[in-house]
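A short write-up of the structure that comes next.
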Amino acid sequence: MNATEAFSIDISGSCTMDETPNFPFPTDLIPSALIDLPFPSPGPFYPSHIDILAFNFTNTFGLIDILQDLCLESLHLQREIQQTMGNILGDSMYICDYTNPILHRLLSHPRQENSSSVAVMAEMIRLPAILYLIAIRQSFGIYPTRVTSQVRKLSVLLMTSERSGADSKMWEDHGLGLMELWIITVGGILSDEKNKAAWFAKSLHPAMRRMSVATYGDLEDRLRRFSWVDEIHGTLLRDFRNKLTD
């Protein structure tokens, strides 16, 4: 077993349990070209969202840095899918080179365990970010990856904020209504139980109304402004909608 395989197994196991990986990710496994990739322009919305996140999460800059790389990598993968007509999804080494380093950082990031609103919001961002990358790994045929731990933890945080009546204002007051949409949507599309999908929908629809998002097509347009891969997360969103109507 080589180093790449060993760390991939470590990340998969840690991801299943939402635990910090046993081994640090070796920098020699991260392609040197990653820093200089000619990413397409993120568009006019991207800097404002990252800036707003950084303003609100002054004590969790590490998480903001990871999210920034997540957004850029999503743009990179979207471009690779388009340029290769989807054939890149058959290259599992792509996950080792580009997805696993970001996933390792999310799994290694300190959990926000105090009860402040910012700490709760930070953990509510970290969990769906992991789920978002799990979806990418699955599209490359990386199985098994259970999502039970992250979905359960995210559900508890959402439920707690709803019961306290804080959810309707918590994100909007920080200028992060789009972030709330992304969090709930990613949790919903990765939930593998029909009743859980319905539960996420009950949280998602009020959030959509607060952001004046009328349809799921409009929702997807908004999510593309942050981090979204049409051929992966868009497909899961359609499956999510089908679960609600079956």
Side-chain angles (χ1 to χ4, degrees), residues 8 11-12 15 31 33-34 37-46 49-50 66-104 106 125 127-147 150-151 154 178-179 181-194 196-197 200-201 204 208 213-246:
S8 294
I11 288 175
S12 293
C15 195
L34 182 60
L37 278 171
F39 291 112
S41 171
F45 301 100
Y46 171 78
H49 291 316
I50 294 298
I66 299 170
L67 288 176
Q68 183 168 355
D69 289 345
L70 177 71
C71 293
L72 290 173
E73 171 48 26
S74 291
L75 290 168
H76 173 229
L77 177 55
Q78 182 76 71
R79 186 193 62 184
E80 289 295 313
I81 291 173
Q82 292 170 349
Q83 290 184 346
T84 66
M85 300 182 67
N87 290 329
I88 189 65
L89 298 177
D91 181 6
S92 61
M93 285 306 297
Y94 185 98
I95 294 297
C96 297
D97 289 340
Y98 297 107
T99 305
N100 282 351
I102 300 174
L103 182 56
H104 189 284
L106 284 166
I125 292 171
L127 291 167
I130 292 172
L131 292 170
Y132 182 91
L133 293 177
I134 288 175
I136 292 176
R137 283 165 56 92
Q138 289 177 343
S139 71
F140 279 80
I142 308 296
Y143 289 97
T145 301
R146 297 180 62 191
V147 298
Q150 287 85 8
V151 170
L154 180 59
L178 174 63
M179 197 77 239
L181 288 177
W182 186 80
I183 287 168
I184 301 173
T185 301
V186 171
I189 65 176
L190 266 295
S191 60
D192 51 9
E193 300 174 12
K194 184 177 179 179
K196 186 65 73 173
F200 272 100
L204 177 59
M208 290 172 64
V213 176
T215 68
Y216 276 89
D218 294 338
L219 172 64
E220 198 163 10
D221 286 340
R222 294 287 187 96
L223 297 177
R224 291 187 187 105
R225 299 178 183 181
F226 182 64
S227 192
W228 194 255
V229 179
D230 290 343
E231 293 81 356
I232 298 173
H233 305 95
T235 299
L236 290 173
L237 181 59
R238 288 190 290 275
D239 292 343
F240 173 75
R241 294 181 62 186
N242 289 336
K243 287 179 185 177
L244 300 179
T245 57
D246 287 346

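- Every ring pair (Phe, Tyr, Trp, His ring centres under 6.0 Å) that H104 has, sequence neighbours left out, goes to F25.
- Distance check: F240 CZ to S191 OG gives 6.0 Å after rounding to the nearest 0.5 Å.
- For the atom pair CD (E220) and CZ (R225), the distance works out to 13.0 Å, reported to the nearest 0.5 Å.
- Using a 4.5 Å heavy-atom threshold, the side chains of H233 and W182 count as separate.
- Side-chain contact between I189 and D239: absent, with no pair of heavy atoms (C-beta onward) separated by less than 4.5 Å.
- Side chains of R241 and R238 form no contact here, defined as non-hydrogen atoms less than 4.5 Å apart.
- In this structure, CD1 in I183 is found 9.5 Å from CG in L127, a value given to the nearest 0.5 Å.
- In this structure, the side chains of W228 and L237 come closer than 4.5 Å at one or more pairs of heavy atoms.
- Minimum interatomic distance between M179 and F226 (heavy atoms only, all atoms of both residues): CE-CE2, 3.5 Å.
- Smallest separation of non-hydrogen atoms from T185 and L181: OG1-O, 2.7 Å.
- Counting heavy atoms from C-beta outward, L77 and E73 have side chains that approach closer than 4.5 Å.
- Residues Y132 and S74 share a closest heavy-atom pair of OH-OG, 2.7 Å.
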Decide salt bridge (Lys or Arg N to Asp or Glu O under 4.0 Å) for R146 and D192; before the verdict, give the C-alpha distance in whole Å, the side-chain angles of both, and the deciding distance to 0.1 Å. CA-CA 9 Å; R146 297 180 62 191; D192 51 9; over 6 Å; no

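- Nearest heavy-atom pair, G187 versus L131, reported as atom, atom and distance to 0.1 Å: CA-CD1, 4.1 Å.
- Interatomic distance, I102 CD1 to L70 CG, rounded to the nearest 0.5 Å: 6.0 Å.
- When every heavy atom of I130 is checked against every heavy atom of C15, the shortest pair comes out as CG2-SG, 3.9 Å.
- The heavy-atom pair separating C96 from P101 by the smallest distance is O-CD, 3.6 Å.
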Take L219 and L204, measure what side-chain contact (heavy atoms from CB on, under 4.5 Å) needs, and give me the verdict at the end. CA-CA 10 Å; L219 172 64; L204 177 59; 4.0 Å; yes

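- Here I95 contributes atom CD1 and L103 contributes atom CG; the two are 9.5 Å apart, rounded to the nearest 0.5 Å.
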Between F200 and L154, is the side-chain contact (heavy atoms from CB on, under 4.5 Å) condition met? List the steps. CA-CA 10 Å; F200 272 100; L154 180 59; 4.2 Å; yes

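- The distance from the CG atom of L133 to the CD1 atom of I142 is 12.5 Å, given to the nearest 0.5 Å.
- In this structure, N100 and R137 have side chains that are in contact, with non-hydrogen atoms separated by less than 4.5 Å.
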For Y98 and I136, what are the C-alpha separation, side-chain angles and deciding distance, and is it a side-chain contact (heavy atoms from CB on, under 4.5 Å)? CA-CA 11 Å; Y98 297 107; I136 292 176; over 6 Å; no

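- Side-chain contact between V186 and L223 is absent, with no heavy atoms from C-beta onward closer than 4.5 Å.
- Within the 4.5 Å cutoff, the side chain of V229 has no heavy atoms near those of the E80 side chain.
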